[in-house]
Amino acid sequence: MPQPLDTVALAASDPDRDQPWGALGLTGDEYARIREILGRRPTSSELAMYSVMWSEHCSYKSSKVHLRQFGEIAQETPVGTMLAGIGENAGVLDIGQGYAVTFKIESHNHPSYVEPYQGAATGVGGIVRDILAMGARPVAVMDALRFGPLDDADGPGDTHRVLPGIVAGVGGYGNCLGLPNIGGEAVFDTSYAGNPLVNALCVGVLRHEDLHLARAVGVGNLVIMYGARTGGDGIGGASILASETFDAGKPSKRPAVQVGDPFMEKLLIECTLELFAAGVVAGIQDFGAAGISCATSELAAAGDGGMHVDLDRVALRDHTLAPEEILMSESQERMMAVVEPGDAEAFFAICAKWDVEATAIGEVTGDGRLVVDWHGETVVDVDPHTVAHDGPVYERPLARPDWQDALQADSAESLARPADDGELRAAVLRLAAAPDLCDKSWITDQYDRYVRGNTVLAQPSDAGMLRVDEETHLGVALATDGNGRFCKLDPYAGAQLALAEAYRNVACGGAMPLAVSDCLNFGSPEDPAVMWQFAEACRGLKDACVALGVPVTGGNVSLYNQTGETPILPTPVVAVLGVIDAVRRRTPTGFPAEGETIVHLGQTREELSGSEWAHVVHGHLGGRPPALDLLDEQNLARLLVEAARGGHLTSAHDLSDGGLSQALVESCLRHGIGATVSLLGDPFIGLFSESTARAVVTVADDRVDAFLAMAASLGVPAGPIGRTGGSSLTVTGHLDIPLEELSAAWRGTLRAAFGN
């Protein structure tokens, strides 16, 4: 027999009722704290709200103490003061000419293993709505993906099920929205078997005056839900609330992974942008994790009063849902707006024009309370700050793992190297075909990279680039990077190396790096070794951002990424956004013509630990990652940006994974133009070292002297190493590989695994 509705009045008179706080992910102390806050036991609806809003995903309770340091970084860029930063749905940057951009990267890891297509698709949908909620038109997406081993067809990682589904979900949702996918990564490692990483990024463009924030202000203003109807999908970890526990008459199972509808999202985007243009939105919040619980509590907590909601007014697609489930549902394609009563008619008319359902479910109040009624009975009466902002904060134990010293002592510099030129040649081909380095067009060809007509650079370029203004050609560039192997060797340095590579990639395109968003993917916070890795990575990222002068605008933390007791490689993924004053002066990736001079920038050292060579050839991970000099990175970036502005460069490619060898392979194969280079010293070190602050560029002969003088003035080591031309990659005196053979190795890996 169904239990009676658990109201606030009943909770006050029934203090000893057993409640499923443990099944909802709360600890005993957390449940006791909720009772202390309320002065009584929570109703089942209040328990649902606190459980989802105090979860690791929503409250950052294990990471908050380490994330706070990002707020110490000056919230300024070389262009100007940030318009919105940490704490908002996404950071907003001034890029000049009255334009601003907003960008953010977030994870959707666990859902993407359970149901790869919908998990990845709704990850894209969620980050797009974050950008939309800032008042911006979403203009592009990117994705940083991690999978188990490529040859794990039937193993625990199930890569051959997971990867095609995730790629199809990313492409299917983004393509239907008409958003170009301009870049990202696809990396394979045993640690991601059973726990893939799907980190989705979106960037949006707005005028300064179009900025909107998540605030519930103005007593008497209406609270309007619009978009898709609410269903029982995405309740996930609170599955007990989707079972017979509350109502024996409803289904015993509901989908834990959200189900997306990109066509509804497209309507929602256009509808919302027209609502903004009409000036009828006083506050806005998208629905993501925790659904209505999040939207109502965060809007109310960020406003100047409170909120009253009639939950039975919520448009449902499943009328068996209990109030607890409505509050927790993560159904997609939904938004919440705060609207002045005088603007309501215009608001509803615009929604009707776009065939978007809209319902007033409540109003802003002045009593500082979030009150939720269900058919005339009050089921929630809380201070919204206690739900949205006053969750538990843990200083988890952390300890440098006892295996760290032995790992760092086991350096790759002592591994067996190619004994002759034949083995050197074989190593070049083997790395070109390695899963992490091979051609990713099997993936990226499923994405529309050029829809909307403003894509200037996209994969396989070092960074994606978009035109913002058609008349002035103002543009932005974006890159994401992360190296879990480097981070396992040294999480402090590894996070900095991820930032440095993304920073360098943006500069290689000719754009000036401005700001950072990050997605921090780690194992269980209850493991002191994992928390040490996390703390070190945060510290490293903050120190590097201060040194480079790039603020962290926001991001995401994803914990509990592990299979059994085995955590993933610590994987902070860093996204860097840069600005370019004229996209016509961009620098492409890949040799564009024959007869040009190839110039090597930066200093090469014997640095092989954590490298692709050590990983691919020896299956080895040990030693210390490459040394990083952030001043060298700044100088290199400045050179690349100024040289692009002056028209000195015809191409640029950073040197990172796979070293000079892989950069030459990719640069040659981009347009089928060979190269002949001569290397000083040991050719093995020259080809496979992964020293930082390096790039390889091409320069027309009449610009070489001027470019080398510019490099010298900026303190960047630079020297010609060869010329473009021919149909082979030749290292004088050591190897000559026809481009046809290189192409077969580089392009064949994913096609062999998944078909053409």
Side-chain angles (χ1 to χ4, degrees), residues 66-105 130-131 134-136 201-214 302 463 465-466 468-469 472 474-481 495-496 498-500 502-507 509-520 538-556 572 574-581 630-642 645 714:
H66 303 290
L67 299 177
R68 285 172 180 159
Q69 62 193 300
F70 295 140
E72 301 170 8
I73 306 169
Q75 298 296 289
E76 293 185 359
T77 76
V79 175
T81 302
M82 286 177 52
L83 305 180
I86 295 173
E88 299 295 341
N89 281 310
V92 181
L93 310 169
D94 181 2
I95 60 167
Q97 300 180 22
Y99 283 105
V101 292
T102 175
F103 78 118
K104 189 178 183 182
I105 185 168
D130 275 339
I131 296 307
M134 300 307 299
L201 177 148
C202 184
V203 58
V205 175
L206 66 158
R207 303 293 294 180
H208 288 195
E209 61 270 19
D210 294 334
L211 176 65
H212 281 74
L213 300 174
M465 186 177 290
L466 298 163
V468 170
D469 188 281
T472 66
L474 177 71
V476 294
L478 289 136
T480 67
D481 283 291
Q496 295 190 330
L499 169 58
Y503 183 94
R504 193 184 319 132
N505 281 330
V506 165
M512 175 175 60
L514 290 186
V516 167
S517 181
D518 60 73
C519 197
L520 308 177
C538 289
R539 187 172 67 89
L541 187 57
K542 182 251 186 173
D543 288 350
C545 285
V546 170
L548 293 174
V550 288
V552 175
T553 65
N556 175 241
V574 179
V576 171
L577 182 142
V579 66
I580 183 168
D581 56 4
L630 293 168
L631 180 59
D632 287 347
E633 293 286 358
Q634 277 186 310
N635 290 338
L636 175 63
R638 184 179 173 191
L639 172 63
L640 291 166
V641 172
E642 292 189 7
R645 188 176 293 131
L714 293 173

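This structure is a prediction, so every number in the text was calculated from the model and none was measured. Throughout, numbering of the chain's residues begins at 1 and tracks the sequence.
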**Student:** Rounded to the nearest 0.5 Å, how far does CD of Q69 lie from SG of C545?
**Tutor:**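 So the SG of C545 and the CD of Q69 are separated by 10.0 Å.
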**Student:** Looking only at heavy atoms, what is the nearest atom pair of A84 and A90, with distance?
**Tutor:**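 Nearest heavy atoms, A84 then A90: CB-O, 4.3 Å.
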**Student:** With heavy-atom distances below 4.5 Å as the criterion, would you say the side chains of L577 and L478 are in contact?
**Tutor:**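 Yes - at least one pair of side-chain heavy atoms lies under 4.5 Å apart.
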**Student:** Carefully, step by step, assess L206 and L211 under the rule side-chain contact (heavy atoms from CB on, under 4.5 Å).
**Tutor:** CA-CA 7 Å; L206 66 158; L211 176 65; 4.1 Å; yes
**Student:** On a heavy-atom basis, which atom in G91 and which in T102 lie closest, and how many Å separate them?
**Tutor:**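 That would be O-OG1, 2.7 Å.
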**Student:** Pairs in or reaching into residues 66-88: which pass ring-ring contact (aromatic ring centres under 6.0 Å, His included), with residues at least two apart or in two chains?
**Tutor:**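 Checked against ring-ring contact (aromatic ring centres under 6.0 Å, His included) - neighbours excluded - the pairs reaching residues 66-88 are H66-F534.
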**Student:** Do T553 and K104 have side chains that get closer than 4.5 Å, going by heavy atoms?
**Tutor:**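 T553 vs K104: side chains apart.
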**Student:** Please check this pair: side chain of S517 against backbone of I105, looking for a donor-acceptor N/O pair closer than 3.5 Å.
**Tutor:**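 Confirmed, S517 side chain pairs with I105 backbone.
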**Student:** Got more than 12 heavy atoms from elsewhere within 6.0 Å of CZ, R539?
**Tutor:**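 Buried by this count: over 12 neighbours within 6.0 Å.
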**Student:** Starting at CD1 of I95, measure out to CG of L474 and round the result to the nearest 0.5 Å.
**Tutor:**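 If we round to the nearest 0.5 Å, I95:CD1 and L474:CG are 4.5 Å apart.
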**Student:** Find out whether V576 and L499 are in side-chain contact, i.e. whether some heavy atom of one side chain is under 4.5 Å from a heavy atom of the other.
**Tutor:**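 Counting from C-beta outward, V576 and L499 do come under 4.5 Å.
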**Student:** Can you confirm whether C538 sits close enough to L520 that some side-chain heavy atom of one is under 4.5 Å from a side-chain heavy atom of the other?
**Tutor:**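 Counting from C-beta outward, C538 and L520 do come under 4.5 Å.
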**Student:** When rounded to the nearest 0.5 angstrom, what distance separates NE2 in H212 from CG in D210?
**Tutor:**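 Separation between the atoms: 7.5 Å.
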**Student:** What is the minimum heavy-atom distance between A547 and L630, and which atoms define it?
**Tutor:**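 Minimum heavy-atom contact is CB-CD1, 3.6 Å.
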**Student:** Side chains of L93 and F103: does their closest heavy-atom pair fall under 4.5 Å?
**Tutor:**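 The answer is yes; the side chains approach within 4.5 Å.
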**Student:** Looking at side-chain heavy atoms only, is the closest gap between L548 and Q634 below 4.5 Å?
**Tutor:**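 Yes. Closest side-chain heavy atoms under 4.5 Å.
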**Student:** Could you measure the distance from the CZ atom of R68 to the CD1 atom of I86? Nearest 0.5 Å is fine.
**Tutor:**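 If we round to the nearest 0.5 Å, R68:CZ and I86:CD1 are 12.5 Å apart.
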**Student:** Considering all heavy atoms of both residues, which atom of P551 and which atom of E76 are nearest to each other, and what is their separation?
**Tutor:**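 Nearest heavy atoms, P551 then E76: CD-O, 3.5 Å.
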**Student:** Within a strict 4.5 Å, meaning less than it, do heavy atoms of the M512 and V79 side chains meet?
**Tutor:**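 Yes; the side chains approach each other to less than 4.5 Å.
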**Student:** Whether the side chain of E642 engages the backbone of L640 through a donor-acceptor N/O pair (distance < 3.5 Å, no angle test) should be reported.
**Tutor:**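 Flag not set: sc E642 to bb L640 has no pair under 3.5 Å.
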**Student:** Nearest heavy-atom pair of V574 and A495: which atoms, and what distance?
**Tutor:**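 Looks like CG2-O, 4.4 Å.
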**Student:** Can you tell me how far CG of L83 sits from CE of M134, rounded to the nearest 0.5 angstrom?
**Tutor:**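 Separation between the atoms: 9.0 Å.
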**Student:** Distance from T77 atom OG1 to M82 atom CE, nearest 0.5 Å?
**Tutor:**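 Result: 8.5 Å between the selected atoms.
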**Student:** Which heavy atom of P572 sits nearest a heavy atom of A498, and at what distance?
**Tutor:**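 For P572 versus A498, the nearest heavy atoms are O-CB, 3.9 Å.
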